[in-house]
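The structure appears below as structure tokens.
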Amino acid sequence: MSKNLISGAEAVIKSLIEEGVDLIYGYPGGAIMPVYDELYKYQKEINHVLTRHEQGATHAAQGYARVSGKVGVVTATSGPGATNLVTGIADAQIDSTPMVCITGQVASHLLGSDAFQETDIIGISTPVTKWNYQVTKASEIPDVISKAFYIARSGRPGPVLIDITKDAQFELMHFKYKKCSSVKSYKPEPDISFDEIKKAADLINKSKKPLVVWGQGVILGNAEEELKDFIEKSGIPSVWTILGLSALPTNHHLNMGMVGMHGNYGPNILTNECDLLIAIGMRFDDRVTGNLDNYAKQAKIIHMEIDPAEVNKNVDVDIALLGNVKKTIPILTKHIFKKTHEAWISKFKLFDKIEHEKVINEDLFPTKDGLTMGEVVKIINEETNGDAVIVTDVGQHQMVACRYARFNKSKSNITSGGLGTMGFALPAALGAKMGAPNREVVAIIGDGGYQMTIQELGTIYQTGAAVKIVVLNNDYLGMVRQWQQLFFDKRYASTEMINPDFVKIAEGYYIDAKKVDKRSDLKKAVNEMINSKKPYFLEVCVEKEANVFPMIPSGASVSDVRLE
């Protein structure tokens, strides 16, 4: 082989190194084997983590990306290896997580022949990727990978998939790498309209009952300080979507809590009383708005958003402030008056008092014998001082954790938001720990979702990542059971779980484990878990048929939020 020529497979690895990649999650197989063979030679430069399932690789890459702010990278083989990535890719797409997935493919002359382990992953993944591309020539590899990383991380982030035929991996080429800085017809950030910003400032200055609703766009734009400066100058009470959680410290005096189906009482009710709603980096998801026919109809709406496709998609707005919020918020802040809204804020405090009396006090300081999910989260808060990364799955435990977890710093709440993917938390917690090795990472998971990716305990053991795993076990698919109780006359169809011995399973993976079913043992067990320097599994048996409130019934208005 000429010194000036390398294989397409080696070009893949060298391209990743050029992009600063030092960590990959993946699973080898026949069609991606040339890349893995080259990866073997670059073990000092790139750490490859062998997950136990390709879906686990995508969720681990998501957790890594969400905590670190970097692009998560995944590799897999063709056919079932590639299709097993799709759920994680779809999750990353709807939650705007930057990820590059590289799949092997059968040789180019076999494309379309139904060859062994051939699947049209480009066609399958097109609806759930920001961009995808099939490589059939080695010479394409550097430019395609450079473009992939640029697209994945720029503008509104998202997942990209590159499918590389096996012959392209073997083919020889001259390697030259140039980082991508632009793509024709792709504009990651729209132009900022200063006239619209001035109009928005005028609305803000005149408003009597304004409300800020912020989402993950603040975190993705690294605009946490800009948000804080804006709300402190304006004095506007502010609330968050679950993906926006942790952008502002929980104890900030203008942080009023969560909106949405299981959000806080005041933020939901007062959404339909505010005279101005300022949406920052959020997309008016149906779980936030409830019935759109009755959502904030009394209010003027300002939407600050990087993706023009999200503006006026679900909610008609009065002013659209397009652009990266890290740039637009400070310009807006310069044009607003310094104000306080004490009378308006007192309404939030009144509703907060009602919610404490009806819901929160019993969740956090229960008088019943059974353990509650809320008190488990409260003790985790106490033992971690609000400094931990909390990773949640999907279901009742997710809503409880988002409601009661306390955060001092951003990029601390990692959850599956838009897609609602059960099985997300365990591998995502591994990725989060590897993305933030000096932070405590606690996965809070339900007994249902936990078993969807339970095999990733093997990955956690093999890497030694000190992930703390808490399974809140109620022997039910709890959220589905709650709906069945409230809306289907308690017909608990296929929601009761006959669970295995979770402690034995964890110990089978050589992970320290404990089970708690008494309140008197809970704090000591959580303390022991947090103080462990190794992976640790804690099962907490909670009330079987407890419900999560407040709750906005499906199809109802945010004003119809129920406390019981």
Do other residues, nucleotides or ligands put more than 12 heavy atoms under 6.0 Å from [X] [atom1]?
X: Phe487; atom1: CZ; result: yes
X: Lys300; atom1: NZ; result: no
X: Lys206; atom1: NZ; result: no
X: Asn251; atom1: CG; result: yes

Would you say that [X] contacts [Y] through its side chain, given a criterion of any heavy-atom pair below 4.5 Å between the two side chains?
X: Met256; Y: Leu270; result: no
X: Val376; Y: Leu522; result: yes
X: Ile444; Y: Ile380; result: yes
X: Gln398; Y: Asp393; result: no
X: Met479; Y: His262; result: yes
X: Ile414; Y: Phe424; result: yes
X: Trp344; Y: Lys347; result: yes
X: His341; Y: Lys209; result: no

Please round to the nearest 0.5 Å and tell me the distance separating atom [atom1] of [X] and atom [atom2] of [Y].
X: Ile302; Y: Ile280; atom1: CD1; atom2: CD1; answer: 9.0 Å
X: Asp363; Y: Thr372; atom1: CG; atom2: OG1; answer: 6.0 Å
X: Lys353; Y: Glu357; atom1: NZ; atom2: CD; answer: 5.5 Å
X: Thr328; Y: Met304; atom1: OG1; atom2: CE; answer: 3.5 Å
X: Ile319; Y: Ser193; atom1: CD1; atom2: OG; answer: 9.5 Å
X: Lys208; Y: Leu276; atom1: NZ; atom2: CG; answer: 12.5 Å

Any chance the side chains of [X] and [Y] put a donor and an acceptor closer than 3.5 Å?
X: Arg156; Y: Ser96; answer: yes
X: Glu273; Y: Gln298; answer: no
X: Asn474; Y: Glu543; answer: no
X: Gln216; Y: Thr241; answer: no
X: Asp229; Y: Thr333; answer: no
X: Asp489; Y: Gln484; answer: no
X: Thr415; Y: Thr392; answer: yes
X: Gln485; Y: Asn547; answer: yes
X: Asn438; Y: Lys433; answer: no
X: Ser557; Y: Asn272; answer: yes
X: Thr126; Y: Asn132; answer: yes
X: Tyr186; Y: Ser154; answer: yes
X: Asn413; Y: Ser246; answer: no

Chi angles and distances behind the side chain to side chain donor-acceptor pair (under 3.5 Å) call for Glu232, His252
CA-CA 10 Å; Glu232 287 179 350; His252 193 281; 2.7 Å; yes

Return the orientation label for the Trp214 and Trp240 ring planes: parallel under 30°, perpendicular over 60°, tilted otherwise.
tilted

Hey, does the side chain of [X] reach the backbone of [Y] with a donor-acceptor pair shorter than 3.5 angstrom?
X: Lys338; Y: Lys233; value: no
X: Asn205; Y: Phe337; value: yes
X: Asp560; Y: Ala556; value: no
X: Arg491; Y: Ala493; value: no

Under a 4.0 Å N-O cut-off, is there an ion pair linking [X] with [Y]?
X: Glu196; Y: Lys199; answer: yes
X: Lys523; Y: Glu383; answer: yes
X: Lys327; Y: Glu226; answer: no
X: Lys198; Y: Asp202; answer: no
X: Lys349; Y: Glu342; answer: no
X: Glu224; Y: Lys228; answer: no
X: Glu310; Y: Arg283; answer: no
X: Arg519; Y: Glu375; answer: yes

For the residue pair His303 and Phe284, is the inter-centroid distance of their aromatic rings smaller than 6.0 Å?
yes

Run the numbers on Glu19 and Arg153 for salt bridge (charged side-chain N to carboxylate O under 4.0 Å, His left out), then give the verdict.
CA-CA 11 Å; Glu19 289 293 338; Arg153 64 164 69 99; 3.3 Å; yes

Asp293 vs Lys297, test: salt bridge (charged side-chain N to carboxylate O under 4.0 Å, His left out). Steps then yes/no.
CA-CA 8 Å; Asp293 291 337; Lys297 292 300 181 183; 5.7 Å; no

Could you check Glu355 against Asn264 for side chain to side chain donor-acceptor pair (under 3.5 Å), going step by step and ending with a plain yes or no?
CA-CA 8 Å; Glu355 187 176 347; Asn264 294 106; 3.1 Å; yes

Between Ile236, Asp275, Ile278, which is the residue that forms a side chain to side chain contact (heavy atoms under 4.5 Å, CB included) with Ser207?
Asp275

What do the steps show when you test Glu305 against Lys313 for salt bridge (charged side-chain N to carboxylate O under 4.0 Å, His left out), and what is the final call?
CA-CA 12 Å; Glu305 174 61 48; Lys313 184 176 82 173; over 6 Å; no

